[in-house]
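Letters A, B, ... are given to chains in the order of the sequence lines, protein chains preceding strands, and every chain is numbered from 1. Note that this is a predicted model, so its numbers are computed, not measured.
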Amino acid sequence: MGRFYVTTPIYYVNDAPHIGHAYSTVIADALARWHRLVGDETHFLTGTDEHGLKVQRAAEERGLTPKEMADQTSERFKDAWRLLDISYDDFIRTTEPRHYAATQQWLQKVYDNGDIELGTYEGLYCVSCEAYYTEGDLVNGNCPIHGRPVELVKEDNYFFKLSRYQQRLLDWYESHPDFVLPEGKRNEALGIIRQGLQDFSISRTSISWGVPIPWDPKHVTYVWYDALINYATAVGYGSDPERFATWWPAAHHIIGKDILRFHCVYWPAMLMAAGIDPPQHVYVHGYLLIGGEKMSKTKLNQIAPADLVADFGVDGFRYHFLRDTPFGPDGEFSYEGMVARYNADLANNLGNLLSRVATVVDKKCGGVGPAPSADSPLAAAAATASHAAAAGWAAVQPHEALDATWRLIREANAHLEAHEPWKMEPGPALEAVLGDALEVLRIVALLASPAVPAAAAEIWRRIGLPGRPEDQRLPAGAAWGGYPGGLPVEKGAPLFPRK
RNA sequence: GGCGGCGUAGCUCAGUUGGUCAGAGCACACGGCUCAUAAUCGUGUGGUCGUCGGUUCGAGUCCGACCGCCGCUACCA
């Protein structure tokens with residue numbers, strides 16, 4: 001029993017949900033589901049990041065106010081997460097009053113501590129990037145990314161004194177070796193810190209779409225600074241200290257490597273400046289590559305999650321990203337690979353196991369599922385799978401957890417081949433074989449439920465079990481012998497039709 | 001330029017501190033089975049572990065150089 005507070009990044013509302021967003025979110029969801037299953041008190045946060053010049057500009061182009069724009073896009077994210085069975089407990093929007101209140105309290109606190117100071121920033125600014133460039137960055141005098149002219153901008157900004165935190169960050173990394181995982185990403189973060197840290201501007205006077213700086217309201221908080229604070233806002237920072245104390249620092253951030261700098265360098269320093277410990281873990285995953293190339297928003301070679309869900313179902317979608325893309329390194333995404341994985345693992349191994357067992361139970365046992373045998377050779381395989389799956393989820397390695405679960409499915413298929421229950425006469429021996437197979441299905445439904453919740457619930461229902469897999473508590477619930485027998489087993493349409 | 005990282009069977013990838021480490025799944029071939037979603041089970045083909053050197057009794061596993069790919073390089077959700 002423990003506490004598990006897991007977050008996705010909050011997604012920027014100038015962009016529609018794509019499979020990159022979905023990838024991070026499905027991982028966080030599966031982890032949340034696993035932790036609920038093992039009885040941890042779990043809180044799962046996602047949301048949208050709604051400030052900044054790009055949102056303001058995107059809204060203007062559509063003839064909307066920034067808030068209207070944010071309202072629309074955040075709804076699209078919620079729709080996407082409904083489609084993908086994302087079981088978030090809270091969806092935060094940075095335009096909510098709670099977040100304004102928390103951000104302003106945070107700013108005031110850090111300002112009072114002396115780590116925010118007024119300075120001047122002058123530079124060549126690309127509004128599309130919302131970033132400054134040096135002369136050397138420019139291509140023909142234009143923004144290197146957008147190819148559009150940059151503007152010479154000079155403004156008074158408040159700066160966060162990040163430079164004061166270099167040593168404290170290094171000390172923190174030293175004393176918390178698993179702060180950033182996997183290790184390669186931790187090294188990248190350390191590399192950034194060791195290169196030296198500069199203060200960074202956290203306010204803008206050039207735009208109005210943001211959280212006003214409390215002591216100087218003509219300034220608005222720079223979008224990145226307020227965005228990170230969402231993780232604290234959502235569990236009560238600035239409004240409910242007791243609640244905040246229960247969830248922080250038990251926080252686990254799931255992020256992509258593109259935002260490593262912000263989460264592994266700026267954010268812990270920001271927390272320290274506010275007198276708060278950094279989160280427990282930051283888990284950094286790689287990019288999804290298509291044809292060896294990064295999925296890029298600007299290149300727009302993206303695929304709508306809804307299209308893939310239409311082809312493979314929610315669980316087909318979720319399973320693919322959890323099983324086929326090891327957490328950490330970049331992973332290759334391909335439609336062909338997705339078909340292959342779907343057919344091999346979901347249709348052939350799991351779906352077909354359910355089908356064949358249900359059919360034989362129907363023919364040989366009148367559709368009533370018998371109980372497993374206490375000394376089944378599958379019991380050891382099930383225990384092994386349970387332990388390995390638990391280890392995989394605990395280490396945020398979903399592909400390992402699922403690989404272990406599928407080894408058990410293969411064992412069950414082999415066990416059926418070895419005993420050929422379809423040839424056996426009714427009796428205890430037959431019942432033992434089928435009971436064992438049903439018990440494997442029950443355990444697999446539990447172990448796989450974080451990844452494929454809908455399919456797990458359907459397996460649970462078809463083998464006659466009451467309630468839902470989510471109601472069980474592991475590891476006890478996955479112990480061998482839980483299937484009681486005497487339950488109606490339903491033959492149904494293929495759980496995962498082959499593609 | 002500086003600092004990460006990566007390059008292992010056709011494909012996607014595992015390979016702690018050097019000594020069954022040459023592996024898994026998929027694909028492919030052959031065989032078995034027919035309960036099942038042309039599914040399943042068994043067996044097998046397949047890699048000089050990017051290249052060249054070095055350390056070592058012994059190196060995907062350490063060191064150096066090189067080739068190829070990629071990320072970050074200091075406010076780019």
(request) Taking atom C1' in both B/G15 and B/G60, compute the distance separating them and give it to the nearest angstrom. (result) 8 Å
(request) For nucleotides B/G7 and B/C76, find the distance between their P atoms and express it as a whole number of Å. (result) 30 Å
(request) Taking syn as within 90° of 0 and anti otherwise, name the glycosidic form of B/G4. (result) syn
(request) Using the C1' atom as the reference point in each nucleotide, state the distance between B/C6 and B/U51 in Å, no decimals. (result) 16 Å
(request) May I ask you to say what A/A227 touches in the nucleic acid, namely base, sugar-phosphate or nothing, with a heavy-atom cut-off under 4.0 Å? (result) base
(request) Please report, rounded to the nearest Å, how far the P atom of B/U12 is from the CD atom of A/Q397. (result) 19 Å
(request) Determine the Euclidean distance between corresponding C1' atoms of B/A27 and B/U16; express it in Å to zero decimal places. (result) 31 Å
(message) Quick one about A/Y342 and A/D311 (side-chain donor to acceptor, distance below 3.5 Å, no hydrogens or angles considered), yes or no?
(response) no
(request) For A/K491, check side-chain contact (heavy atoms from CB on, under 4.5 Å) against everything at least two apart and list the hits. (result) A/A358, A/T359, A/D362
(message) Tell me if B/G5 is syn or anti. Syn = glycosidic torsion within 90° of 0, anti otherwise.
(response) anti
(message) Distance check needed: B/C72 P versus A/Y266 OH, whole Å only.
(response) 13 Å
(request) Report yes if at least one side-chain N or O of A/Y335 is closer than 4.0 Å to OP1 or OP2 of B/C11; otherwise report no. (result) no
(message) Please give the distance between the C1' atoms of B/G42 and B/U48 as a whole number of Å.
(response) 31 Å
(message) For A/R164, is the CZ atom crowded, meaning more than 12 foreign heavy atoms sit under 6.0 Å from it?
(response) yes
(message) Counting primed atoms plus P, OP1 and OP2 as sugar-phosphate and everything else as base, spell out the protein contacts along nucleotides 30-37 of chain B at 4.0 Å heavy-atom distance: B, S or - for each nucleotide, 5' to 3'.
(response) --BSSBBB
(message) In this structure, how many angstroms lie between the P atom of B/A74 and the CG atom of A/L169, rounded?
(response) 18 Å
(request) Rounded off to whole Å, could you give me the NZ-to-C1' distance for the A/K257 and B/C76 pair? (result) 17 Å
(request) Select from A/A418 and A/E400 the residue whose nearest nucleotide in RNA chain B is closer to the 5' end of that strand. (result) A/E400
(message) Can you check the distance between B/A39 and B/U20, where both ends of the measurement are the C1' atom (answer in whole Å)?
(response) 35 Å
(message) From CD of A/E188 over to P of B/G71, roughly how many Å is that when rounded to an integer?
(response) 11 Å
(request) Look at the rings of A/W267 and A/H253 and say which category their plane angle falls in: under 30° parallel, 30 to 60° tilted, over 60° perpendicular. (result) tilted
(request) Decide yes or no for A/K54 and A/W209: does some side-chain heavy atom of the first lie under 4.5 Å from some side-chain heavy atom of the second? (result) no
(message) Any base atoms under 4.0 Å from A/N349, or only sugar-phosphate, or nothing? Heavy atoms, all strands.
(response) sugar-phosphate
(message) For A/Q198, give me all partners under side chain to side chain donor-acceptor pair (under 3.5 Å), at least two apart in sequence or on another chain.
(response) none
(request) Find the distance A/L190:CG to B/G4:C1' and express it as a whole number of Å. (result) 11 Å
(request) Return the 5'-most residue of the pair A/S201, A/I192 with respect to RNA chain B, ranking by each residue's nearest nucleotide. (result) A/I192
(request) Check whether the side chains of A/S376 and A/D436 place a donor and an acceptor atom closer than 3.5 Å, and report yes or no. (result) yes
(message) What I want to check is whether the side chains of A/Y88 and A/T8 have a donor and an acceptor closer together than 3.5 Å.
(response) no
(request) Could you work out the separation of B/U43 and B/U17 based on their C1' atoms and round it to a whole Å? (result) 37 Å
(message) With rounding to the closest Å, how many angstrom separate the C1' atoms on B/C3 and B/U8?
(response) 26 Å
(request) Would you classify A/R261 as touching base, sugar-phosphate or nothing, given that sugar-phosphate means primed atoms plus P, OP1 and OP2, and contacts are heavy atoms under 4.0 Å? (result) sugar-phosphate
